[in-house]
Amino acid sequence: MWRNLTSVRTLCQEALSLTAGVVSTSVAFVGGATDKSFLTYTAAKNLFPNPNVTTNTGFTAYSSAGSSTTYVSAQLVQSTGTQAPYGNAARTTAKATLTSIDVRYPQNAPNPISGSAGQQYSASVSVRASAGLTNGTLYIQFCDSAGAVLQTYSKSTTEMTSNFVSSVRMSVTAVAPEGTSTIGLVLRATGSVVNGSVLDGAQWMVLEGNGLDPNAPSGTLHPFFSGATADSADYHYSWDGDADVSPSNRTPLVDRSPDSLVWTPGASADDFLEPILDAVGLRLFYREDGQWCLADNGYSLPGQLTVQDGSNLYEGTETVSIGEDSVDGYPMNADAVLLNYVWTDSITGQEKKAFDFAITPNYKRPYREEIERPFPGPGQAKHLLARLQARKYALDVIARPDFSARPGMTALISLPGSAAQTGYVEALDFDLSSAQMSVTTKGLVTALNNSYGKAPADQTYADVASTVTYATYTN
């Protein structure tokens, strides 16, 4: 799967390259379209009750000498200056020459971390230690209801420094065994520990799952958060209960799951890309010169296709209907779009549902669709309705081939016994065996005689004398 995207064009290029089996495929913007981002968002819960170490409650210090005279209580330090935004840290200070010192949050802390058997958990913490203490280990302990340790897992680093740095955020991930009720954490520094050596742990976090950020490049640790984290345009942060003594929640303000960037086996590139492009209001198509293009709903091309009775018109069909579908299967006449998404969450395996809609005032002809794929976020209904609103009236004609015609050009269509219509070419289908082309139009309006809409295709404003007004213009 792809991760958080700041460029839909890059996504299209990579997907098309994979499909074609080539190193690189170019995708160009046409008609004034611009690149869009496609950022995904996920909810998360930090189970650590005092993640910002606002007090030292629950934390304990330990050393290789155990509970001898070298045992000291954890002290609270405030990071300042270059250590922002790490804030407070739980600190253990050595009182003698030792081989290790710990900062612990045990399973019997006043506000313990709850755990359940069979659930995967990931613990992480930002660390710093006195010069010379580069070796560190983070342990996660799964314990039963009586506090007995059932299983311990660990992960080590040799890169601890005397300052907090983002590259030294330690983490360990494991699945809780049968009987798990609580979780304990141990942060340990080993090596030449001397009197006065310190070990600090800040920004503590325990998450369900693998601890990785599903909205970032593969392997990126989940960013730290707590209930005190400031709200952003993307997320709201809160506490489950009282501040600094309960789990924290991160709630997305935009509903767009990372599952929408999963390309499932058997799905075509079109199946994968279409909902993403619909959500951001773009369309992907292949031009006859071999160029892939991205366009928005305002896409148009210079030039005009004229089809007239007695000239190049073979056959024409005029359609005004509330029940007919257009060439792409969508309805011709809809004033609202209601989309229901149903999919299985790739992480939890649970069924998820989402709803997207766009309506016009007093709508009467809604288009409804059940979609079995991850929700790409709001936007698809809005952009689809904009396209459907241009289809209330259509002319489908068969005419003599004009190989210079392209979708996006303006169209001037004249059928026998009816006023000329102007709009845009939506689709062209050339039948070489019968030497004819089928033209599908959209956005048609009636072009009255002597109106600019009925002007010859090669006539420009500059061709009309400056003394001619709208009222006196003729054609």
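Both backbone and side-chain heavy atoms feed into the values below; hydrogens, waters and symmetry mates do not.
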Do any N or O atoms from the side chain of Q203 and from the backbone of S126 form a donor-acceptor pair under 3.5 angstrom? no
Any chance the side chains of T190 and N135 put a donor and an acceptor closer than 3.5 Å? no
Going by atom types alone, do S156 and T137 pair a side-chain donor with an acceptor below 3.5 Å? yes
Residues forming a ring pair (Phe, Tyr, Trp, His ring centres under 6.0 Å) with F224, sequence neighbours excluded: none
Side chain to side chain contact (heavy atoms under 4.5 Å, CB included) involving L47 - partner list, sequence neighbours excluded: K45, I113, Y121, V206, E208
Given N50, N46, L187, the one that forms side-chain contact (heavy atoms from CB on, under 4.5 Å) with W204: L187
Less than 4.5 Å apart, side chain to side chain, heavy atoms only: is that true for E14 and L16? no
How about S122 and T173: does a side-chain donor come under 3.5 Å of a side-chain acceptor? yes
Any side-chain donor-acceptor pair under 3.5 Å between E369 and Y367? yes
F375: partners by ring pair (Phe, Tyr, Trp, His ring centres under 6.0 Å), with sequence neighbours left out: Y341
Hey, what do you get for CG (D289) to OH (Y286), rounding to the nearest 0.5 Å? 8.0 Å
According to the interplanar angle, ranging from 0 to 90°, do the rings of F142 and Y153 count as parallel (below 30°), tilted (30 to 60°) or perpendicular (above 60°)? perpendicular
About how many Å separate CD of Q119 and CD1 of I183, when rounded to the nearest 0.5 Å? 9.0 Å
Please identify each residue that fulfils side-chain hydrogen bond (donor to acceptor under 3.5 Å, both in side chains) with T99, with sequence neighbours left out. S64
Test side-chain contact (heavy atoms from CB on, under 4.5 Å) applied to F29 and R9, step by step: CA-CA 8 Å; F29 291 107; R9 175 166 67 173; 3.5 Å; yes
Check whether any side-chain N or O of D271 sits under 3.5 Å from a backbone N or O of S268 as a donor-acceptor pair, and report yes or no. yes
Could you label the plane-to-plane angle of the Y41 and Y235 rings as parallel, tilted or perpendicular, counting under 30° as parallel and over 60° as perpendicular? perpendicular
Exercise: do E370 and N340 side chains pair donor with acceptor under 3.5 Å: yes
So does G303 get a backbone contact from the side chain of T410, meaning a donor-acceptor N/O pair under 3.5 Å? yes
For F430, all residues meeting ring pair (Phe, Tyr, Trp, His ring centres under 6.0 Å), sequence neighbours excluded: F403
Just checking, any donor-acceptor pair under 3.5 angstrom between side chains of T42 and R250? yes
S181 versus S145, side-chain donor and acceptor atoms under 3.5 Å: no
In chain order, what residues pass the ring pair (Phe, Tyr, Trp, His ring centres under 6.0 Å) check against F285, with sequence neighbours excluded? Y299
